[in-house]
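Accompanying notes for the structure given below.
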Amino acid sequence: MSAAAVPTAAPAKAAAGQSDYAVELRNVVKRFGKTEIIRGASLAVRPGERVAVIGPNGAGKSTLFNLISGRFGVSSGDIFVHGRKIDGLKPYEINRMGLARSFQVSNLFTRLSVFENVRCAVLWSMGYRYSFWKFLADLRDANDRAEEVLEMIKLDKRRDVLAMNLTYAEQRALEIGITIAGGAGVVLLDEPTAGMSKSETRRFVNLIRDVTVGRTLLTVEHDMGVVFGLADKIAVLVYGEVIAFDTPEAVRANPRVQEAYLGSVLAEQQAASAMGQGH
């Protein structure tokens, strides 16, 4: 890529409302036709908290993320980011308010290098717009920011490799880099460790912990080791309702959570671990 944008004034951000919460859901309902997927979900996440959203398949976790990030509109209820009501806004408008999201399936520019992928994510947040009269190589501030992000996600030594040639774990790391590159203060990660080996998962959890320092994190995750090792709080979603939202210790001990979800999941994972050791 040789053409870039001329820097313009960054889009003006409306002043955030007065709120103690980075993300807040109030009695949110989402229907598809007559089917109610999210049924009066309420959640209040404080700035800087790391929150894991867990629940059985079909509980509505991805739908909840789609509502928060603006891909879906709510049927009723309210969603706020830093005190500003966001339901009804487009995804890019919510992103410009400081909320960024990754998806279950990596979404990269596969024929661009690692560095170029991150730089693309940096440009808009730094005020650059489309132009044929400026070269990307001349944008020192954007290039420096991209290099900083590459160091954060431990891909600086892979900067010139095409994204398509990265390992799966490296592609997931790159996607996180793209997610945080614009300086988002609220980050949503949808099953970030899915498909990884145990060793890759351990390294990736450390990476997530490092890059989300000072940020608010919401993550959907099925690996209970990751959940209990990373989250400050856990939100348990069952049949579209938040049945518990508390510290990992309190959630682990919650009888309703054990009955609805956690006990069976932990038993399954322990059994799988025992089978693996047997081999």
dist Gln171:CD -> Asn165:CG (nearest 0.5 Å) comes out at 9.0 Å
Determine whether Leu25 and Val29 fall in the same hydrophobic cluster, where Ile, Leu, Val, Met, Phe, Trp and Tyr are linked whenever their side-chain heavy atoms lie under 4.5 Å apart.
-> no
Run the salt-bridge test on Arg172 and Glu170 with the 4.0 Å N-O cut-off and return the result as yes or no.
-> no
Partners passing side-chain hydrogen bond (donor to acceptor under 3.5 Å, both in side chains) against Ser69 (at least two apart in sequence or in another chain) | Arg101
Hey, are the side chains of Thr219 and Val53 touching, using non-hydrogen atoms and a 4.5 Å cut-off?
-> no
Identified salt bridge (charged side-chain N to carboxylate O under 4.0 Å, His left out) partner of Glu147 from the options Arg119, Lys157, Arg159 | Arg159
Do Arg252 and Phe228 meet the cation-pi criteria used here (NZ or CZ under 6.0 Å from the six-membered ring centre, within 45° of the axis)?
-> yes
Report yes if some heavy atom in the side chain of Val186 is under 4.5 Å from a heavy atom in the side chain of His82; otherwise report no.
-> yes
By side chain to side chain contact (heavy atoms under 4.5 Å, CB included), which residues pair with Ala163, not counting sequence neighbours?
-> Leu108, Asn117, Leu174
Residues in side-chain hydrogen bond (donor to acceptor under 3.5 Å, both in side chains) with Ser113, at least two apart?
-> Glu116
Between Asp246 and Val236, is any pair of side-chain heavy atoms under 4.5 Å apart?
-> no
Answer whether the closest heavy-atom distance between the side chains of Phe65 and Val220 falls below 4.5 Å.
-> yes
Extract all donor-acceptor atom pairs below 3.5 Å that involve side chains of residues 36-48 and protein atoms in other chains or at least two apart in sequence.
unit_1	atom_1	unit_2	atom_2	d
Glu36	OE2	Arg31	NE	3.3
Arg39	NE	Tyr239	O	2.8
Arg39	NH2	Tyr239	O	3.2
Arg39	NH2	Glu241	OE2	3.3
Ser42	OG	Asn27	N	2.9
Ser42	OG	Asn27	OD1	3.4

To the nearest 0.5 Å, atom CZ of Arg84 lies from atom CG of Leu89 at 6.5 Å
Around Arg256, counting heavy atoms of other residues, nucleotides and ligands shown, do more than 12 lie under 6.0 Å from its CZ?
-> no
To the nearest 0.5 Å, how far apart are CZ in Arg209 and CG in Leu230?
-> 5.5 Å
To the nearest 0.5 Å, what is the distance between CD (Glu24) and CG (Asp20)?
-> 9.0 Å
Pair Arg203-Asn206, side-chain donor/acceptor within less than 3.5 Å | no
Taking every non-hydrogen atom, the tightest pair across Val114 and Arg158 | CG2-O, 3.3 Å
Side chain to side chain contact (heavy atoms under 4.5 Å, CB included) partners for Ser197, two or more places apart | Ser199, Glu200
Contacts of Asp78 meeting salt bridge (Lys or Arg N to Asp or Glu O under 4.0 Å) (sequence neighbours excluded), chain-then-number -> Lys85
Counting only heavy atoms not in Phe103, do more than 12 fall under 6.0 Å of its CZ?
-> yes
